[in-house]
Peer 1: 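One structure is given below, represented as structure tokens, and several questions about it will come after.
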There are 2 protein chains.
Amino acid sequence: MTTIETLGRSSITDDIVIGDHRPARLLDNSQPITFFPAGSEIYAQGEKCGNLYQVEFGAVRVYRLLADGRRQISAFHMPGEIFGLEGFGTHQFFAEAICATGIRILRPSSSDRLELLPLALENLARSQEQLLVLGHQNAIERVAAFLLEMSERQGGMRLVELPMPRSDIADYLGLTIETVSRVFSKLKAKGVIRLPNLRSVELTKLKTLQNLAA
Amino acid sequence: MTTIETLGRSSITDDIVIGDHRPARLLDNSQPITFFPAGSEIYAQGEKCGNLYQVEFGAVRVYRLLADGRRQISAFHMPGEIFGLEGFGTHQFFAEAICATGIRILRPSSSDRLELLPLALENLARSQEQLLVLGHQNAIERVAAFLLEMSERQGGMRLVELPMPRSDIADYLGLTIETVSRVFSKLKAKGVIRLPNLRSVELTKLKTLQNLAA
DNA sequence: CGTTCCCTTGAGTCTCGTCAAGGACCGTGG
DNA sequence: CCACGGTCCTTGACGAGACTCAAGGGAACG
């Protein structure tokens with residue numbers, strides 16, 4: 001990736017930096033935006049951490065790899081959300097851009113330490129929610145919960161955009177892509193959802209879906 | 001539960017308070033210990049939160065209930081560990097004493113806010129670990145991981161005490177008690193573990209167990 | 001000594017993973 | 001514009017693993 005220095009401010013793209021991270025000074029909106037192409041790595045397990053990352057556009061997956069190659073996606077991050085707070089010395093996860101993604105890299109100063117607690121608690125709450133899903137839900141319940149979660153995080157719209165491929169959904173829900181696909185088909189056959197195209201879902205029977213999520 | 005006021009200091013039980021929570025002043029060791037009998041509730045979902053709880057002796061389970069009665073235990077807490085940091089306004093979980101348990105109730109002051117971040121991150125890390133287990137591990141891998149986790153948290157001993165019943169292990173690992181029991185039997189048949197009694201396990205082939213945990 | 005709770009074991013069922021094949025979408029290049 | 005290749009998605013058949021239902025055993029407690 002190459003870096004483009006920004007000098008002026010005449011367009012919205014002027015503060016976009018393509019390429020590697022640049023140090024950010026404060027937890028505010030004056031930081032430049034770094035562009036990550038689809039599939040590119042934002043940070044890797046084992047790298048030292050300390051920065052935070054705010055999604056401006058696009059989407060991010062955060063995951064770990066097991067020894068045998070299995071992958072557990074622990075979270076997706078959508079525009080507006082902040083991620084990267086996951087340990088003390090080094091990152092415990094990989095973070096990748098799912099599609100073309102703009103990231104604002106934030107370097108919290110020590111005076112921002114108190115701001116981090118709510119963030120950590122939010123991440124914790126979401127992990128716990130995920131534990132509930134992975135612990136005791138079957139395939140239909142998992143997919144239903146996933147669709148409802150995505151809908152909520154996009155403002156409760158009936159038409160939900162899914163920037164990630166089925167394989168990501170599978171690794172997030174602890175299923176296989178075949179099972180995810182089958183559940184999509186079954187929900188579609190029951191009229192609970194519509195699939196206008198591969199990457200979007202219309203929740204036509206919201207209540208039914210909520211019941212399925214249990 | 002009844003409350004016993006403490007006046008003297010002539011024995012180790014002198015600062016034990018039986019019964020409901022008493023306000024604690026600081027995050028230190030000068031707080032009284034509250035005693036909870038086996039099965040008693042420490043806090044409930046929906047209660048306002050703010051206090052922290054340190055296990056002095058015994059063990060605690062933290063869990064959520066689903067609408068249909070299924071239960072997901074999100075964590076066990078052993079002596080020395082601090083729990084109760086799980087949200088902003090109200091508790092999102094139930095906490096119960098597994099067996100006779102002594103709890104030091106801590107009321108962190110605002111100056112302790114910075115101390116909470118490491119605690120939150122630790123909880124987060126443990127949740128993520130659990131996500132890995134529930135997401136992609138089969139029954140044997142889950143039980144093996146559980147036994148190793150318990151062993152580590154008890155100082156890496158080969159003889160591990162399991163204060164909780166099989167039903168708790170099942171709800172922690174996202175399995176049924178029958179499956180947990182069958183895996184125990186299978187591990188025992190293979191000589192990987194011994195079961196001196198119901199509530200203790202000896203890890204006779206540690207390496208095999210580590211391989212099984214994958 | 002009896003009751004109760006917890007644990008173990010067995011048999012049958014069902015869900016989901018595996019393996020395999022085929023189809024849709026999308027870029028590139030002719 | 002169309003052919004082509006690759007990637008992603010869907011669907012089917014089959015089998016393994018875990019759950020359900022059911023019965024029996026063992027330890028703790030009064």
Peer 1: Residues in side chain to side chain donor-acceptor pair (under 3.5 Å) with B/Gln154, at least two apart?
Peer 2: none
Peer 1: Out of B/Phe76, B/Phe94, B/Phe83, which residue meets the ring pair (Phe, Tyr, Trp, His ring centres under 6.0 Å) rule with B/Tyr63?
Peer 2: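 Going through the options one by one, the only one that passes is B/Phe94.
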Peer 1: What residue among B/Lys48, B/Glu86, B/Glu96 forms side-chain hydrogen bond (donor to acceptor under 3.5 Å, both in side chains) with B/Tyr43?
Peer 2: B/Glu86
Peer 1: Starting at CD1 of B/Ile169 and ending at P of C/dC6, how long is that distance when rounded to a whole Å?
Peer 2: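 One finds 13 Å between P of C/dC6 and CD1 of B/Ile169, rounded.
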Peer 1: Which angle, to the nearest 10 degrees, lies between the helix axes at the two ends of the helix from C/dC1-D/dG30 to C/dG30-D/dC1, each defined by five pairs?
Peer 2: 40°
Peer 1: In the structure I gave you, are the side-chain heavy atoms of A/Gln130 and B/Ser127 within less than 4.5 Å of one another anywhere?
Peer 2: no
Peer 1: Can you tell me how far C1' of C/dT18 sits from CG of A/Asp68, to the nearest Å?
Peer 2: 15 Å
Peer 1: Going 5' to 3' through nucleotides 10-24 of chain D, assign each nucleotide B (protein heavy atom under 4.0 Å from a base atom), S (under 4.0 Å only from sugar-phosphate atoms) or - (no protein heavy atom that close).
Peer 2: BBBB----SSBB---
Peer 1: I'd like to check A/Val160 versus A/Ser200 (side-chain heavy atoms, cut-off strictly below 4.5 Å). Are they in contact?
Peer 2: no
Peer 1: Whole Å only: how far is the CG atom of A/Asn197 from the C1' atom of C/dC25?
Peer 2: 10 Å
Peer 1: Are A/Val192 and A/Leu203 close enough that some pair of their side-chain heavy atoms sits under 4.5 Å apart?
Peer 2: no
Peer 1: So does B/Ser181 get a backbone contact from the side chain of B/Ser185, meaning a donor-acceptor N/O pair under 3.5 Å?
Peer 2: yes
Peer 1: Could you check whether B/Arg199 gets within reach of a base, just the sugar-phosphate, or nothing at all, counting any heavy atom under 4.0 Å?
Peer 2: sugar-phosphate
Peer 1: Distance check needed: D/dC9 P versus A/Met164 CE, whole Å only.
Peer 2: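 Answer to the nearest Å: 11 Å.
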Peer 1: Roughly how many Å is it from CG in A/Asp171 to C1' in D/dC8, rounded to a whole number?
Peer 2: 14 Å
Peer 1: Evaluate the side-chain proximity of A/Leu106 to A/Gln31: yes if any heavy-atom separation is below 4.5 Å, no if none is.
Peer 2: yes
